[in-house]
Amino acid sequence: RLARALVDDDPLQLQLWIDELRPVQNRLRDPLVQLCLETDEQDSRRVLASRILAEFQKRDATFLNRDQIIQLALGASEMVRDILDPLLRESQTDLLAAVNAIMATPLPDPSSQQSPQELPVRREALLCACRLGKTDELWAVLNDTEDPRLRSLMIDAFVDLKLSFQEIRRVLPSLKSAARQAAILGLSRRLERRPESDRTEALALFTELVKTDPDAGVHSAAEYAIRTHASADQSREILNSLKNTGCGNWRVLSNGLCMITVIPPADSDVSLSGRRFEISATEITVEQFEEYTKDVEPSLMVTTQPNCPMSNLNVFHAMRYCRWLSEQDPDLQNIPLVYPPVHQLGEELLLASDYLTWPGFRLPTEREWEYCTRAGSETSRFFGESDEHLSQYAWWVENAKQSLWPVGTRRPNAWGLFDVYGNVAEWCHPQEGIFDNRAQLVKGGEYRAIQRFLNTTYETKTRSDTRLSTIGFRVVRVPR
């Protein structure tokens, strides 16, 4: 009761009370520590409790024991830790030992589909290590796309990360591509919460990376950050400047469509194993489709802008667009293409049994789609298992407001693909290469879907002539 009375009193009287209560300070220690750790306590009370602890500790270096300091470092809010920062730095050896012990404990297997309680603890441990200047473990976690659960949590934790923009920028070139991408997404998240912090410098960095970074995942992350934080005119100018350019494993076509190069390992079960193909970073937009034809009308009730995904088209419309796109490609001239001429793409269509190996633009197979969507992850979604992160990566029933949204406005996966969950579901070919003109696969979920339909393996079949606001497509390109 005395501890609570202290934090409810006039802060201007705090120093007087601290002097008077020194004889009983040890009796106040545990209640004050508990006040600092209570997440549902008022901020003003936690701040005063931490100030009292800091004052008692300053006068008596043995006031708080090792376990209590670790508790405060890993369990208190950033606001409390800022007040106790000198104390935490004095205890650096003990704190780093505790962090190392936490990080050395294996997480439950992702296939268990549990939401391990250790994840928030690890988040706080990594934030603590960064506060003390030790960042190697953070970058290792951000590079882990196989089990991305903690990676996704740490991207959002950039808001609380005690690293300056300049420090992050300085280390970026030395990071592996997945960690580099996560850092860009984390900086974007930080700008959402701190709208005036480092905005000019950050946009300059995003613009530099979207043009010059050789990794498609980093390129897409920078593109997402530009779309999120630049003005509409500024964003349009930057992204239009990318047309007919490329770097590393990505290139942008003249219509603004970014194509990502993928080379599956020879021992994988993806079609064309060991052979390079490209996949579009985004779903085909209304604007891009209408360069081919305006005879197919998108779902106008839910399509708000020309850079929304094209919808309300059957599989043959999608295949005709692919054939037309192949015909525009100077590297695909005067050779047999995967799809026959546009006028032959209809319900009577017959394709060669090995058509998936033929050059040109086409729809992805189910395994190509899954392989590129998974982006190396072993979890049910490329960002982990949690529904909490879904709105950061997908337009779905919880955030889409019964409407389609412009492509590239949710976070990409580690390889740079946008909107693989939500917005529109996507036409795909069956893996075995047998074309069935009566029914086709659809993968990815859509803007009205609930969470159980938004994962990497979910698929459904529908008639080839189906036209819905919920179905669109992205393209694959096989080189000659």
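These numbers come from a predicted model, not from an experiment. Heavy atoms only: backbone and side chains are in, while hydrogens, waters and symmetry mates are out.
- In this structure, Arg81 pairs ionically with Glu124, as a charged nitrogen and a carboxylate oxygen lie closer than 4.0 Å.
- In this structure the side chain of Leu205 reaches within 4.5 angstrom of the side chain of Leu172, judged on heavy atoms.
- Distance CG/Leu32 to CG/Leu37: 11.0 Å, rounded to 0.5 Å.
- Geometrically, Arg448 does not engage Trp396 in a cation-pi contact, judged by NZ or CZ lying under 6.0 Å from the ring centre and within 45° of the ring axis.
- Shortest non-hydrogen contact noted between Asn399 and Arg410 is ND2-NH1, 4.0 Å.
- Not a single donor-acceptor pair under 3.5 Å links the side chain of Asn423 to the backbone N or O of Gly408.
- Panel note: side chain Ser50, backbone Val80; no donor-acceptor pair is recorded below 3.5 Å.
- More than 12 non-hydrogen atoms from other residues, nucleotides or ligands lie less than 6.0 angstrom from CD of Glu167.
- Take Ser91 and apply the side chain to side chain contact (heavy atoms under 4.5 Å, CB included) test, not counting sequence neighbours, and it matches Ile69, Leu87, Leu95.
- Judged by distance alone, the side chains of Asn455 and Thr457 do bring a donor and an acceptor atom under 3.5 Å apart.
- Pairing each heavy atom of Phe158 with each of Ile168, the nearest pair is CE2-CD1, 3.8 Å.
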Taking it one step at a time, do Leu64 and Leu72 satisfy side chain to side chain contact (heavy atoms under 4.5 Å, CB included)?
CA-CA 10 Å; Leu64 290 170; Leu72 291 165; 4.1 Å; yes
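- Rounding to the nearest 0.5 Å places CD of Glu237 at 9.5 Å from OG1 of Thr207.
- With respect to the salt-bridge test (charged N to carboxylate O, under 4.0 angstrom), the residues Asp156 and Arg189 qualify.
- A salt bridge links Arg474 with Glu426: the closest approach of a Lys/Arg side-chain nitrogen to an acidic carboxylate oxygen falls below 4.0 angstrom.
- For Lys134, the NZ atom sits in a loose shell: 12 or fewer heavy atoms of surrounding residues, nucleotides or ligands are nearer than 6.0 Å.
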Show, in sequence, the C-alpha distance, side-chain angles and deciding distance for Val262 and Cys372, and conclude whether the side chain to side chain contact (heavy atoms under 4.5 Å, CB included) test is met.
CA-CA 8 Å; Val262 180; Cys372 295; 3.9 Å; yes
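- The closest side-chain donor-acceptor pair between His429 and Gln440 falls under 3.5 angstrom.
- In this structure, the side chains of Glu55 and Ile52 stay at 4.5 Å or more apart for every pair of heavy atoms.
- Taking a cutoff of 4.0 Å between a charged side-chain nitrogen and a carboxylate oxygen, Lys443 and Glu370 qualify as a salt bridge.
- With respect to Arg381 and Glu385, no salt bridge is recorded, no charged nitrogen being found less than 4.0 Å from a carboxylate O.
- Relative ring orientation between Trp250 and His219 is described as parallel, the plane-to-plane angle staying below 30° on a 0-90° scale split at 30° and 60°.
- Nearest heavy atom pair, residue Leu74 against residue Ala125, reads CD2-CA, 3.7 Å.
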Please walk me through it: do Leu404 and Gln305 pass side chain to side chain contact (heavy atoms under 4.5 Å, CB included)?
CA-CA 9 Å; Leu404 295 174; Gln305 299 180 49; over 6 Å; no
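- Rounded to the nearest 0.5 angstrom, Thr282 OG1 and Asn307 CG are separated by 10.0 Å.
- When each of Tyr224, Tyr421, Phe382 is checked for a ring-ring contact (aromatic ring centres under 6.0 Å, His included) with Tyr393, only Phe382 meets the rule.
- Gln392 CD: more than 12 foreign heavy atoms inside a 6.0 Å radius.
- Of the possible donor and acceptor atoms, none in the side chain of Ser152 sits under 3.5 Å from a partner among the backbone N and O of Arg149.
- Ring pair Trp369/Phe473: centre-to-centre distance not below 6.0 Å.
- Dense packing is recorded around CD of Gln234, with more than 12 heavy atoms of other residues, nucleotides or ligands lying under 6.0 Å away.
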Ser311 and Ile471: CA distance, side-chain angles, deciding distance, side chain to side chain contact (heavy atoms under 4.5 Å, CB included) verdict
CA-CA 6 Å; Ser311 62; Ile471 303 178; over 6 Å; no
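- Put simply, the side chain of Ser241 gets close to the backbone of Ile238: a donor and an acceptor are under 3.5 Å apart.
- One side chain, Trp395 or Thr409, offers a donor N or O that lies under 3.5 Å from an acceptor on the other.
- Of the charged side-chain nitrogens involved, at least one lies within less than 4.0 Å of a carboxylate oxygen, so that Arg123 and Asp160 count as a salt-bridged pair.
- A donor-acceptor pair is defined here as one N or O able to donate and one able to accept, closer than 3.5 Å; no such pair exists between the side chain of Ser188 and the backbone of Ile184.
- Of the possible donor and acceptor atoms, none in the side chain of Thr373 sits under 3.5 Å from a partner among the backbone N and O of Thr456.
- Rounding to the nearest 0.5 Å gives a distance of 8.0 Å between CG of Asp213 and OG of Ser177.
- Cation-pi check for Arg452 over Tyr458 is not met; the charged atom does not lie both under 6.0 angstrom from the ring centroid and within 45 degrees of its normal.
- Residues passing the salt bridge (charged side-chain N to carboxylate O under 4.0 Å, His left out) test with Asp85 are Arg89, Arg131, sequence neighbours excluded.
- Under the 4.5 Å side-chain criterion, counting only non-hydrogen atoms from C-beta, Leu142 is in contact with Met154.
- In terms of heavy atoms, Glu118 sits closest to Leu107 at CB-CD2, 3.8 Å.
- In this structure, Arg374 contributes its side chain and Thr379 its backbone to a donor-acceptor pair below 3.5 Å.
- Two residues are said to be in side-chain contact when any heavy atoms from C-beta on lie closer than 4.5 Å; Asp387 and Glu398 fail this criterion.
- Ion pairing between a basic and an acidic side chain is recognised when a charged N comes within 4.0 Å of a carboxylate O; Glu201 and Arg169 show no such pairing.
- Across Val475, Asp419, Leu257, a single residue satisfies side-chain contact (heavy atoms from CB on, under 4.5 Å) together with Glu283, and that is Asp419.
- Expressed to the nearest 0.5 Å, how far CD of Gln71 lies from CG of Asn65 amounts to 8.0 Å.
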Determine, stepwise, if the pair Asp94 / Arg66 fulfils salt bridge (charged side-chain N to carboxylate O under 4.0 Å, His left out).
CA-CA 7 Å; Asp94 288 339; Arg66 175 183 179 275; 3.6 Å; yes
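- Between the side chains of Glu137 and Asn100, no donor N or O sits under 3.5 Å from an acceptor N or O.
- Residue Leu53 holds its CG atom at 9.5 Å from CG of Leu28, rounded to the nearest 0.5 Å.
- By the side-chain hydrogen bond (donor to acceptor under 3.5 Å, both in side chains) test, Thr62 pairs with Asp60, sequence neighbours left out.
- What you find for Arg276 and Pro479 is that their closest heavy atoms are O-CD, 3.3 Å.
- Between the side chain of Arg190 and the backbone N or O of Leu161, at least one donor-acceptor pair lies under 3.5 Å.
- Panel note: side chain Thr245, backbone Leu242; a donor-acceptor pair is recorded below 3.5 Å.
- No donor-acceptor pair closer than 3.5 Å links the side chain of Glu41 to the backbone N or O of Glu38.
- A pairwise comparison of heavy atoms in Asn413 and Gln181 identifies O-NE2, 2.8 Å as the closest pair.
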